[in-house]
K.L.:
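What follows is a single structure, and I will ask about it in a moment.
These values consider heavy atoms only, across backbone and side chains, with no hydrogens, waters or symmetry-generated copies. Everything numeric in this text was worked out from a predicted model, so none of it was measured.
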Amino acid sequence: MTDALVFRDVRAIDPAVGRDERCDVVVERGLLTRIGPGASQGFTPNDRVRVVDGGGCWLLPALVDQHVHLREPGYEYKEDIASGLAAAAAGGYAHVCAMPNTNPVNDTRAVTELMLARGAECTGARLHPIVAITRGLEGKQLTELAELKAAGAVGASDDGRCVTSSTMMLRALEYARNFNLPIIQHAEDHELTQGALMHEGEISARLGLRGWPRVAEDAIIARDVLFAEYVGARYHAAHISTAGAVRILREAKARGISVTCEVTPHHLLLTDQAVLGYDTACKVNPPLREAEDMAALRSALADGTIDVIATDHAPQSSLEKDCEFAEAAPGLVGLELCLPLMLGLVREGTLSLGRLLDAMSTQPARIMGISAPTLQERALAELTLVDPELAWTPATTRLATKSRNTPFLDRTLVGRAVMTLVGGTVVHDLAGGRA
Amino acid sequence: MSEERLTRLLGIEDLSRSTAERILDTAEVFLDVTRRPVRKVPTLRGKTVINVFYEASTRTRTSFELAGKRLSADVVNISVATSSTKKGETLRDTVATLDAMRADVIVIRHAASGAPQYLADRVRAAVVNAGDGMHEHPTQALLDAFTIRQKKGSIAGLTVAICGDIAHSRVARSNAQLLRVLGADVRLAGPRTLLPRHTRFLGCPVYDRIEPAIEGADVVMMLRIQQERLGGAVFPTLREYARVFGLNRTRLERAHPDSIVMHPGPMNRGVEIADDIADGPRSVILDQVESGVAIRMAILYLCAREPGQTVGA
């Protein structure tokens, strides 16, 4: 263990504190001690001091993903906590919030503690459990949110299932407010999406696949916004996918209602056209929509209507993906691909780098009550060193996640996290050659 | 005929007009074969056709089986619904198994849209879609086009009304596309709850009553109404369906006096089609069945023939 980690000649960027400068950054015993031009003076590499030559690479506050599926307990053949947290670290993340649709469902203290204990044993990002809103995700009985929060829960969601019952949703918002936990809704009117396999539109009609209409998402979000206003709760809409959802949430925010929302990289980059040929890698819930939705999501992300970019990292094995489209399980892996994919949006001018980091670190940390990584002296070192010009292809790269379900496998990506520090410790390190 | 072998028939959407016409022309020859006293030719002797049916089917499976046998191919029928999927075998493994048996043609029916394409991408054999989910039923469309051509001489310029449960019908989807490619004006009609919300790709006018669709039509094609769609949120009762959307004598009077009436079967007599119409002089429903064997012979032949082999051989 080194006492000092010195980044020489990096571009230190932290829009939350107005920092963007070419300088040196020094980490001593896990804390940021010096940031500034020439801060590395006096440090020479030895067995207690490591000097990383940044060569202009970007040093950023580490990322936070408030929506991932780590599959443990229950589905360890798809992913487990160790591989998931390693994948997160490799993607530049210091904190991830794990959804409760494991087996058993994370609706009891025992499961929450098991996940936290496993996470603590692993090298990688830090795990923050999101617990179920209702027992067994069945929508019938609230979980013991007081005890679950005491055990370490940072929010509640029945993700994968929508809380469709109006009574249950209203009560959940009220009860969660009691313990200051956000309620994260997977907005889908399941009655309207019965048997649905993709977005309802011309493509679903051509492919003969039952469609998932936008209105099944919009109707739930519209209702939930009214509920959030009524009881004054912390409401967060997961993975919004439609132009209608954007419009409803924009209006709600303008009226001062306490709502937040997230978007996934795949909904920002792909449309239902990608499903042509029955590509199961593009089967996801909510489904990939149309160009007008993608445009609305992009501009809402840019103007801050959409607070957060979350991966909805959902590993699936080939058993779930190499099959008939109707049989395929939904979901994409995203932890190791999200930052490079989003940097593409920055390069093409859709998004400022400042907004990107806000949406991938500061905002999700704020919403989930996690102490936000920051580039300030005396702060805990939770950093990501990014080589913004490194070109790589997921298909030919050893990924940390156990699964390969992504349509971006063969895409040439530009930019990659080469080093990640969590809690002052290096947990991902491709920068060896630069030392 | 030195054209290339047909390696897959997955849908009308990716079928060229010239290939469609080649199938129709070839079927003319085989229709004659099926009308001979000895209805068998040695054309595909030594070739293997496997019919894999993941969905129950009587007429389509029998039609393919007879087509293969009349061409002297070795025909094997597998009803997967009753065998290996119950044991949990994946389509991927079933596909690999079939491929290892070296079939020349695999005919597949499956409840999942896209399953024939999944198969075709993974086997050496030619693959023929015998109906996949709500996607396509290309051999039905081809046999319907063949029947129309037999009865009307040609398809170009005809007006065809397709009526009923358009939203869930692979028959409607394939027929609308094929008949348009062959030059017909196609109209779609049905109650709004049984019409697809998106139809631009079909390029046909859509009506929420059958009367305007039938008006002056040369061909009236009625679709089967699935009983399980009734009595819920989609449609109230059979009685109301028959009264408002069923084809009866009065409604048929709107069609061209020489019009023909078609139905892919199986029919719900008295529901989408009145008894006297189904058995009446304009009905070509049994001609469709006969055409089916000829069309499938043509398709199996074009898929499995040796290079340079001609129909007469």
Side-chain angles (χ1 to χ4, degrees), chain A residues 77 189-216 218-219 242 244 271-283 287-293 316-330 404-405, chain B residues 10-14 54-55 80 85 88-96 108-122 129 131-138 166-174 176-177 188 195-204 206 228-229 232-234:
Chain A
Y77 66 99
D189 185 329
H190 293 292
E191 279 190 8
L192 291 178
T193 61
Q194 216 169 44
L197 298 169
M198 68 172 296
H199 169 66
E200 180 192 276
E202 288 290 329
I203 305 286
S204 68
R206 267 172 75 186
L207 293 175
L209 296 174
R210 207 176 284 268
W212 197 133
R214 293 182 181 97
V215 73
D218 301 352
T242 67
T271 66
D272 60 347
Q273 299 270 348
V275 179
L276 284 172
Y278 300 96
D279 185 355
T280 58
C282 293
K283 183 174 176 182
L288 303 174
R289 302 285 183 187
E290 296 180 38
E292 67 201 74
D293 300 289
Q316 302 289 4
S317 80
S318 70
L319 212 57
E320 284 96 15
K321 286 292 190 180
D322 187 1
C323 58
E324 303 92 310
F325 196 87
E327 296 297 316
R404 292 289 176 276
N405 52 301
Chain B
L10 302 180
I12 301 299
E13 193 182 351
D14 43 17
Y54 283 84
E55 260 188 346
V80 191
T85 44
E89 185 170 71
T90 62
L91 181 58
R92 171 182 166 182
D93 288 333
T94 306
V95 162
I108 179 172
R109 166 167 289 196
H110 202 292
S113 301
Q117 179 168 340
Y118 180 89
L119 176 70
D121 291 342
R122 288 163 180 79
N129 179 4
D132 64 327
M134 303 190 300
H135 180 223
E136 287 234 38
H137 194 352
I166 308 291
H168 305 94
S169 173
R170 56 195 178 205
V171 175
R173 203 177 297 275
S174 290
Q177 294 181 84
L188 303 174
L195 289 174
R197 296 196 183 103
H198 303 271
T199 52
R200 206 172 47 218
F201 79 103
L202 291 173
C204 306
V206 178
E228 60 266 28
R229 308 225 190 277
V234 176

K.L.:
For the side chain of B:Y118 and the backbone of A:F325, is there at least one donor-acceptor N/O pair under 3.5 Å apart?
P.N.:
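Pair absent, no side-chain N/O of B:Y118 close to backbone of A:F325.
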K.L.:
Working to the nearest 0.5 Å, report the span between OH of A:Y278 and CG of B:D132.
P.N.:
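So the gap between those two atoms works out to 5.5 Å.
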K.L.:
At their closest point, which heavy atom of A:S318 faces which heavy atom of B:R92, and how far apart are they?
P.N.:
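So the two residues come closest at OG-NH1, 3.4 Å.
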K.L.:
Hey, what do you get for CD (B:E13) to CG (A:L207), rounding to the nearest 0.5 Å?
P.N.:
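These two atoms lie 7.5 Å from each other.
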K.L.:
Can you say whether B:R200 sits under 4.5 Å from chain A via the side chain, the backbone, both, or neither, judging by heavy atoms?
P.N.:
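Both parts, heavy atoms under 4.5 Å.
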K.L.:
Can you list the residues of residues 199-206 of chain A that sit under 4.5 Å from chain B, counting heavy atoms only?
P.N.:
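The list, in residue order, reads A:E200, A:G201, A:E202, A:A205, A:R206.
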K.L.:
With respect to chain B, which residue among A:P213, A:G277, A:G211 yields the maximal number of heavy-atom pairs within a distance under 4.5 Å?
P.N.:
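Of A:P213, A:G277, A:G211, A:G277 has the most heavy-atom pairs under 4.5 Å with chain B.
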K.L.:
On a heavy-atom basis, which atom in B:R122 and which in A:D322 lie closest, and how many Å separate them?
P.N.:
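Taking every non-hydrogen atom into account, NH2-OD1, 3.3 Å.
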K.L.:
Would you name the heavy atoms of B:S113 and A:G208 that are closest together and state the gap between them?
P.N.:
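Answer, listing the atom of B:S113 first, then A:G208: OG-O, 2.5 Å.
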